[in-house]
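Positions are given from 1 along the sequence.
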Amino acid sequence: MKKQRPITSDAVQGFLQDGGKIEYRPIEASRGWHWELWAIRPDGSETIVISSKTGDDRVFKSADALVNFHLRTFPGSEGVWVPIPKGAESQDVK
């Protein structure tokens with residue numbers, strides 16, 4: 001089986017044009033939640049997207065950052081669903 005190459009944040013547009021999809025997945029952080037960016041290939045395989053600037057997993061540290069990325073990726077979009085972990089309770093973030 002051919003090893004699939006990682007997807008970097010600067011290659012997301014091309015990945016989407018080739019039939020891929022992206023997903024934002026919540027992860028618990030010390031003060032609230034962050035969201036990882038995942039790529040889902042047309043064959044159903046999944047991989048976390050890697051930041052082209054840092055080489056680390058692409059993580060949004062606020063819903064605002066997630067929305068801004070989504071609007072750059074999907075110009076003209078009228079909204080985006082921002083998921084929260086199942087069973088998560090409200091947390092006061094200061």
Side-chain angles (χ1 to χ4, degrees):
M1 179 177 196
K2 182 179 171 184
K3 183 177 179 183
Q4 294 183 333
R5 295 174 30 187
I7 297 170
T8 58
S9 54
D10 61 351
V12 167
Q13 283 292 351
F15 174 76
L16 294 169
Q17 290 171 353
D18 290 341
K21 297 178 183 177
I22 59 171
E23 220 175 74
Y24 308 107
R25 296 187 181 170
I27 54 173
E28 193 165 356
S30 60
R31 299 181 64 165
W33 301 295
H34 293 170
W35 292 267
E36 295 173 331
L37 179 61
W38 282 77
I40 297 93
R41 292 182 175 88
D43 69 3
S45 63
E46 303 176 342
T47 186
I48 193 161
V49 175
I50 305 299
S51 170
S52 55
K53 291 182 183 179
T54 67
D56 295 329
D57 296 348
R58 183 62 174 104
V59 175
F60 302 100
K61 295 183 179 177
S62 71
D64 210 26
L66 184 154
V67 169
N68 284 323
F69 172 83
H70 189 83
L71 290 173
R72 284 191 312 274
T73 306
F74 301 99
S77 177
E78 294 184 12
V80 61
W81 181 69
V82 179
I84 60 171
K86 291 183 192 262
E89 296 182 20
S90 176
Q91 296 180 7
D92 289 330
V93 178
K94 297 183 184 192

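- Residue Ser9 comes nearest to Ser52 through the heavy atom pair OG-N, 3.0 Å, listed as atom of the first residue, atom of the second, then distance.
- Atoms CD1 and CD1, from Ile40 and Ile22 in turn, are 8.5 Å apart once rounded to the nearest 0.5 Å.
- Partners of Phe15 under the ring pair (Phe, Tyr, Trp, His ring centres under 6.0 Å) rule, at least two apart in sequence or in another chain, do not exist in this structure.
- Residues that satisfy the side chain to side chain contact (heavy atoms under 4.5 Å, CB included) test with Ala11, not counting sequence neighbours, are Thr8.
- Remark: Asp64 pairs with Ser62, Asn68 by the side chain to side chain contact (heavy atoms under 4.5 Å, CB included) rule, at least two apart or across chains.
- The shortest side-chain heavy-atom distance between Thr73 and Gln13 falls under the 4.5 Å cut-off.
- Cluster annotation: Ile84 is not connected to Val59 through the hydrophobic network of ILVMFWY side chains, with a link wherever side-chain heavy atoms come within less than 4.5 Å.
- In this structure, Lys61 NZ and Arg31 CZ are separated by 13.0 Å, a value rounded to the nearest 0.5 Å.
- Under the 4.5 Å side-chain heavy-atom criterion for Ile, Leu, Val, Met, Phe, Trp and Tyr, Ile27 and Leu37 are members of distinct hydrophobic clusters.
- Pairs of residues two or more places apart, or lying in two chains, that qualify as ring-ring contact (aromatic ring centres under 6.0 Å, His included) and include a residue from residues 63-82 are Tyr24-His70, Phe60-Phe69, His70-Phe74.
- Rounded to the nearest 0.5 Å, atoms CG (Asp18) and CZ (Arg41) are 11.0 Å apart.
- Heavy-atom minimum distance, Leu71 versus Ser77: CD2-O, 3.8 Å.
- When the side chain to side chain contact (heavy atoms under 4.5 Å, CB included) test is applied to Pro6, the partners found at least two apart in sequence or on another chain are Ile50.
- The salt bridge (Lys or Arg N to Asp or Glu O under 4.0 Å) check on Arg25 picks up Glu23, Glu46, with sequence neighbours excluded.
- Put simply, Trp38 and Val67 are part of two different groups of oily side chains (I, L, V, M, F, W, Y) that touch within less than 4.5 Å, one to the next.
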